[in-house]
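All values below come from the heavy atoms of this structure, side chains included, with hydrogens, waters and symmetry mates left out. Both counts, for ligands and for their atoms, begin at 1 and track the order of listing.
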Amino acid sequence: MANPTYPMTRQCPMSPPAQYAELRARGPAKVDLPDGGWAWLLTSYDDVRQAMNDPRFSSDDDKMGRARTELPPGENLNSFWRMDEPEHGRQRHMMMSEFTAHRIKEWRPRIQKLVDELLDRLETLPRPLDLYAEFALALPTQVIAQLLGVPQQDYRTFAEQSRTILSLDKPEESWAAYYEMNAYLDHLIEDRTRHPQDDLISRLITDRVQTGELPPEDLLPMVRFILVSGYETTTSQIALSALTLMTNPEVRDRLIEDPGRITAFVEESLRFWSVSQDNVLRVVDEDMTFSGAAMRVGELVILAVPAANHDAAAFPDPGRFDLERGENRHVAFGFGTHLCAGASLARREVEIAVTSLLARLPGIRLACDINDLTFRQKSLVYGLERLPVTW
Ligand code: HEM
């Protein structure tokens, strides 16, 4: 029997691809890839969570095969995300000191201020308006720009470049955007080397590069990776959370009645939408039997986060957006060694965005038929193209 082909598309925009349910019953499955190769696809919660934290699976770009990803030689595209120990831990630690729960708590008032300013502006715009561009996209891009020290006037360019880099259907445009971003960041790093400021890029230069801890050639990839990974995911999560509020009156009323449910809402939204859809990959690093499958060194493994987060064995009635799930051990941020470095920041942004949106615009509603919304399928990050709203 022929292998199923990957990536699979969502038939219903509100649920992961239906094939995941069939494949889950079979355990690890071989799937054919667009480049002619094949990979293992893990779809059960237990398999995905275990593989995320099992050192027999490597995250190393080199081991995954540079030819497969058409990566130009010498390019460090994904920074420490696609490295193994000990270098991964060493570089991750340099970034994590900026992203501890404590540091992020300090960011709370700044995020609130940005949200308030964006909502002030929304109220002056003609309606219907696009909540995706004017709010969901604007917030994370401005947060990440402030955090890194990217000048405010340039953040829209970054947003467009990041989105093009992450798209799966326009490889030539993707690479062009990638080189443009590199040229800009190169310039910015040069500037911060000469004139350090109170931002992440300057601190990485003075505390890590100039002390010899971080090789200078690894700085730009780290900054670029934070920039690209830090906004598209959070943007999608905010837009889709807003969509849930507008299409699920039960959930929205419950949240208005008890604003203390916001943490449960954010966690359930992360699980339900699982925006990291096609980018959690590993490569087998030692011959083994994993969950009944004989895996060999060098074979590619795709960890399907949306499938894991919709596994009924871990989340009863997974298609239901449920604010009463209790402990929500979803893997939307990954798990273990490579657990999302920006999880605390993303959680705060979504929480503040949703709480403020509900408080300021309680009558907000979709300004189109739900069937007219366009969802981005061919992208590493699932999400909406636009979100027309009115109130
Ligand atoms: C809702 C928003 C987000 C989602 C759903 C998300 C999802 C993920 C996932 C699934 C991983 C693990 C990948 C793997 O195991 O290979 C990851 C890693 C990572 N994320 Fe996020 N992310 C989000 C926001 C952010 C933000 C705001 C930042 C930075 C400001 C960020 C930076 C990173 C970094 C640096 C890694 C690599 C960690 C490592 O390899 O040690 N992410 N993210």
Asker: Ion pair present between Arg121 and Glu117, side-chain N to carboxylate O less than 4.0 angstrom?
Answerer: no
Asker: Of all residues at least two apart in sequence or in a different chain, which pass the salt bridge (Lys or Arg N to Asp or Glu O under 4.0 Å) check with Lys30?
Answerer: none
Asker: Where the side chain of Arg90 meets the backbone of Glu213, is there a donor-acceptor pair that is under 3.5 Å apart?
Answerer: yes
Asker: Quick one: do Glu232 and Arg376 make a salt bridge, cutoff under 4.0 Å?
Answerer: yes
Asker: Could you list all the side chain to side chain donor-acceptor pair (under 3.5 Å) pairs where at least one residue sits in residues 293-309, not counting sequence neighbours?
Answerer: Trp40-Glu299, Ser274-Asn309
Asker: Name all residues meeting the salt bridge (Lys or Arg N to Asp or Glu O under 4.0 Å) criterion together with Asp120; count only those two or more places apart in sequence or in a different chain, and write none if there are none.
Answerer: Arg360
Asker: Quick check for students: name every N or O atom pair between ligand 1 and the protein closer than 3.5 Å, with distances.
Answerer:
from, atom 1, to, atom 2, distance (Å)
ligand 1, 15 (O), Arg282, NH2, 2.8
ligand 1, 16 (O), Trp81, NE1, 2.8
ligand 1, 16 (O), Arg282, NH1, 2.9
ligand 1, 40 (O), His88, NE2, 3.4
ligand 1, 40 (O), His338, ND1, 2.6
ligand 1, 41 (O), His88, NE2, 2.6
ligand 1, 41 (O), Arg92, NH1, 2.6

